[in-house]
Amino acid sequence: LIAKLVKGDFMIKAVNVKKILPGKLIIETESVNPSVAFVVENIPDSYVLCDSKGRVISVQSKDPNVPTIIVPSIPTIRIGEVIDGDSYAKAQELALTLRGTKIEYSTLALVDDTTLGVRLKTGVTALITINKSIEEQLAALQAILADATIKKESYKTIDVRFSQAILRQN
C-alpha cells in the first residue's frame, strides 16, 4: 500500500500507516513541497514545479509562490523526473542559494545555455554564468552592491561571469 501511494503520486514524500484495533487504519502522508518553478517566457500561466532535488512534481496555472525562473523553453518533461539540461539545475541552484543572501531580486531568467540573469529590485540586472561557482559570483555581486564608493545610478548591468566584474551603463 505504501509503495503504491509513494510511487503513484510524486507530491507524496513519505507515508506512515498505523493500525488501531478494532478495524481502524490511520494513514499519515508527508508532502513534497516545491522549491522552484520554471515558466516559459511566452507562456506566463504555466508553471512547472520542481522539488529540492530538481524533480518535476506538477504543472499548474496558478502562481506557486516559490522562486520562479523564466526560461526560453523547456524540454519534454515527465512528472517525477529531473528536467534535462545542466542550465536548469544551475538555475535552480541559484534560486535556492539566493534565499540565503540579502540580495533582493524580482526576476530570475535563463538568458542562454550558460548565463543566468537576476533582475534586482533596484532595476539593475546581474549576469551569472553556470560555468563558475555560483556562491563566488554572488559574493562578488554582494560586494559590489555594498560598496558605498560606487554610484548606484551609474550602471544598469553587473556582469560577474568573469574574473573581474564588469559594470555597464546600458
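Computed from a predicted structure; not experimentally measured.
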When you look at CD of Glu28, are more than 12 heavy atoms from neighbouring residues, nucleotides or ligands closer to it than 6.0 Å?
yes
State, without any angle test, whether Ser35 and Gln92 hold a side-chain donor-acceptor pair at a distance under 3.5 Å.
yes
Counting only heavy atoms from other residues, nucleotides and ligands, does the tally under 6.0 Å from CD of Glu136 exceed 12?
no
Pairs touching residues 161-170 that satisfy salt bridge (charged side-chain N to carboxylate O under 4.0 Å, His left out), sequence neighbours left out
Asp159-Arg161, Asp159-Arg168
Determine whether Cys50 and Tyr88 make a side-chain contact, defined as any pair of heavy atoms from C-beta on separated by less than 4.5 Å.
no
Would you find more than 12 non-hydrogen atoms of other residues, nucleotides or ligands less than 6.0 Å from Arg78 atom CZ?
no
Which heavy atom in Val36 sits nearest to a heavy atom in Ala95, and how many Å separate them?
CG1-CB, 3.7 Å
Whether the side chain of Lys132 engages the backbone of Phe162 through a donor-acceptor N/O pair (distance < 3.5 Å, no angle test) should be reported.
yes
Could you give me the CA-CA distance, side-chain angles and deciding distance for Val59 and Tyr47, then say whether side-chain contact (heavy atoms from CB on, under 4.5 Å) is met?
CA-CA 6 Å; Val59 177; Tyr47 298 90; over 6 Å; no
Audit row: Ile130, Leu116, side-chain contact (heavy atoms from CB on, under 4.5 Å) steps and yes/no
CA-CA 7 Å; Ile130 67 167; Leu116 303 167; 3.9 Å; yes
Give a yes or no on whether the backbone of Glu93 and the side-chain of Thr97 come within a donor-acceptor separation of less than 3.5 Å.
yes
Atom CG of Asn65 with >12 non-hydrogen neighbours under 6.0 angstrom
no
Could you work out, with side chain to side chain donor-acceptor pair (under 3.5 Å) as the rule, every residue matching Ser106, not counting sequence neighbours?
none
